[in-house]
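Chain A is the first sequence line, chain B the second, and so forth, proteins listed ahead of strands; every chain is numbered from 1. Below, all heavy atoms of this structure are taken into account, side chains as well, without hydrogens, waters or symmetry copies.
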Amino acid sequence: MSSTYNSNAYNFGFLDENTKRMLRRALLKAVAIPGYQVPFGSREMPLPYGWGTGGIQVTAALLGPNDVLKVIDQGADDTTNAVNIRRFFGRVAGVATTERTADASVIQTRHRIPETPLREDQLLVFQVPEPEPLRTLEPREAETRTMHALADYGLMHVKLYEDIAQYGHIATSYDYPVMVDGRFLTSPSPIPKFDNPKLDRSPALMLFGAGREKRLYAIPPYTRVESLAFDDHPFEIQRWEHRCAICNAGDSYLDEVVVDDRGTRMFVCSDTDYCSQRSDNAATEEAA
Amino acid sequence: MTAAIASPAMLELRGLAKSFELHQQRDTRLDVLDDIDLTLHAGECVVLSGPSGAGKSTLLRVIYANYRTSRGAVRVRHDGNWLDLAEATPHQVLDVRRRTLGYVSQFLRVIPRVPALDIVAEPLIGAGVSVEDARQQASALLHRLNVPERLWPLPPGTFSGGEQQRVNIARGLIVPRPLLLLDEPTASLDAGNRQVVAQLLEEARNAGSAVLGIFHDEDMRDRVATRLFPMRPMALA
Amino acid sequence: MSALLQVRGLSHHYGRRIGCENVSFDLHPGELLCIVGESGSGKSTLLNTVAAQLTPTAGAVHYHQKNGDWLDLGALSEADRRRLAREEWGFVTQNPRDGLRLNVSAGANVAERLMALGQRDYGRLRDIARGWLERVEIDPARIDDAPTGFSGGMQQRLQIARTLVTQPRLVFMDEPTAGLDVSVQARILDLLRRLVNELGLAAIMVTHDLAVARLLAARTIVMQGGHVVESGLTDQILDDPQHAYTQLLVSSVLTT
């Protein structure tokens, strides 16, 4: 329990109870209809749109006093956005926070899914800038809603077609569209497509919040999630010729980092917790 | 001739009248045909005779349903049944034109960019013949009508009058039809080509077609006609 | 032969103003029907009402589906309407920019309807798209070019390819050659004529140009002020027009 929590200053979790109830009802509907975008009354939050207002509201509606919260941004626990949100909930909910994936009961994320496999007793909350996967091709909301209602999704392959025509392969590398439970075309949020396979039949419930666009959606545990593709251009995830320079992982998503003014580069895990766990384990084994 | 009359009737005109109402010219009415009766039998070639203005072309166009009938009946034997084209639906007329009733006009209606060979082959393709067979038959017919082979792949827009007319005849005759209407199809042809057309018509008659035509050239008329049908101009109403 | 489309007593009113009034006709498979008339005569309204884009004020349209069932287009759900538009119908608009997706390549424009039908083989989509570009006389090398760089005539030909690629049973065309140069028009008309014959399409085409009707359509409907004033065989209407308005139309156009 954080000592800074003052129950007189804020309602638990910042939002008032009625707002949390509204959010929970919307979330229940979202879980009931996997991949369907549920409109909700998004509130003004004390941070700008685009910084995770949707994710924060979902997290606020989920947290209980005994939860342990982890927040990551691009896989890292120590970036400004992640640190701020973690501190925010430490202050307005007084919940315990952690940087260890395995210890968290609620994980709010921007742009990544942790490398450490998630469990049934964990919740993953995504921050979503644009919940509508068809938006870049079809600007009219009324039309995209109808397309979802009728599962009229031919348009989505136009985008993939254009990728192959232009680059020789499907160049979309993040926010790669998925079909949820064979029914709703869904944006996985701007996670790298490397993470798309982790969405499929995940034991953990995954919830998505778009604050500016006022939409929530969900992928319930063990739901089938397929990434779109062509028969002769199947879905593929990113691969690297390198291993992580710190932990030597060959199976994780790598960031390319410039380390000095001469342009020297190295590849390291984007998931900082995963990387440090592996380094610690290696160090322990060496010591032993 | 007696043999022809003994064969079945293909076309019956009864009390046929045609007048034009020109709404743009203070509703002037032009009476062109009145009370025409004519029976045409299989194997006959009846030639309409009479001075210009007698309504010969108009009569052919009324029979082809290119002009509407003002009064009377245009009965055509179609699929063994009589059908009055004056009362028929457009779809019935189209079906009659597709399979029973052919019409060769004086002038070829040029279709932009379509080669002569395809213009001739088109009605056959429309009748269900394969494109290859249709082109082959079209080639043979154009050859017979002495249209030079180098012209076949060209659209006939630039052809001479005689060449266009022969393409037009080939298009009109390529599908064998039981009933043929000919509006001066040989006007700009030389003697040799008229001879070819006369032969083609005779072959059509021998195959059982009934022919109704206009031929101003007396020589041609005498050669093809089994009977004349005289017409005279009506007084202006 | 049984009809593909039956239109009976069809009306569409814009409030108290008549769009089209009490129109009836049948369309048969493989038949191209032209609706002619001046601007404001209601021909586009009729087309859109027949195509279930506008709701009829009165009357009915029945469509004979591929599976043999008759569909009452007035009782059509949005899902069925879209399914028809996707699987059995095609639309060609006057302005190709309305019918094309301008921000994606020519190839994607042609392939889109196939992808909507579930075609998922990229290589095959490319082959079909190239074949269709060739068919509408666009250099297949331009398959990856955006249609924004195409001339008006090319855009219209691309729209025709995009529409016909799924071999629709019924195509609705609204002035597909208006707004193009005369020489470009001739090319598109010839193309349409050929494709309609080759594919055995049934089509309804709105045009103000009687020469277009003569070239393409066996049957024509003449409209004035929302009413059908004359209908029948195209050659009959053009060569022996009965109604004063049709006579005016014919005499003012066919001067050559």
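- The main-chain N or O of G123(C) is found under 3.5 Å from a side-chain atom of D232(A) such that the two form a donor-acceptor pair.
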Please lay out, stage by stage, how R82(C) and T146(A) fare under the test side chain to side chain contact (heavy atoms under 4.5 Å, CB included).
CA-CA 10 Å; R82(C) 284 184 181 238; T146(A) 311; 3.4 Å; yes
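- In Y49(A), the OH atom is crowded: over 12 heavy atoms of neighbouring residues, nucleotides or ligands sit closer than 6.0 Å.
- Of the two parts of H233(A), only the side chain, counted from C-beta on, holds a non-hydrogen atom closer than 4.5 Å to a non-hydrogen atom of chain C.
- With a 4.5 angstrom heavy-atom cutoff, R101(C) touches chain A only via side-chain atoms.
- Here L137(A) contributes atom CG and N103(C) contributes atom CG; the two are 7.0 Å apart, rounded to the nearest 0.5 Å.
- Taking M156(A), K159(A), E143(A) one by one and counting their heavy-atom pairs under 4.5 Å with chain C, the maximum is reached by E143(A).
- Between E112(C) and L155(A), the shortest heavy-atom contact is OE2-CD1, 3.7 Å.
- Residues R86(C) and D152(A) meet the side-chain proximity criterion, which asks for heavy atoms closer than 4.5 Å.
- Scanning all heavy atoms of the two residues, the minimum distance from A108(C) to V158(A) falls at CB-CG1, 4.1 Å.
- With hydrogens and angles disregarded, a donor-acceptor distance shorter than 3.5 Å links the side chain of Y122(C) to the backbone of A165(A).
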Assess whether side chain to side chain contact (heavy atoms under 4.5 Å, CB included) is satisfied between Y153(A) and M115(C), documenting all intermediate values.
CA-CA 9 Å; Y153(A) 290 140; M115(C) 292 189 267; over 6 Å; no
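- Around CZ of R81(C), the count of heavy atoms belonging to other residues, nucleotides or ligands within 6.0 Å exceeds 12.
- For A229(A), the part lying near chain C is the backbone, with the side chain staying farther off; criterion is any non-hydrogen pair under 4.5 Å.
- Looking at D231(A) and R120(C), no side-chain N of the basic residue comes within less than 4.0 Å of a carboxylate O on the acidic one, giving no salt bridge.
- To the nearest 0.5 Å, atom CG of residue D144(C) and atom CD of residue E162(A) are 7.5 Å apart.
- A 6.0 Å sphere centred on CZ of R21(A) holds no more than 12 heavy atoms belonging to other residues, nucleotides or ligands.
- Smallest separation of non-hydrogen atoms from Y161(A) and S105(C): CE2-OG, 3.8 Å.
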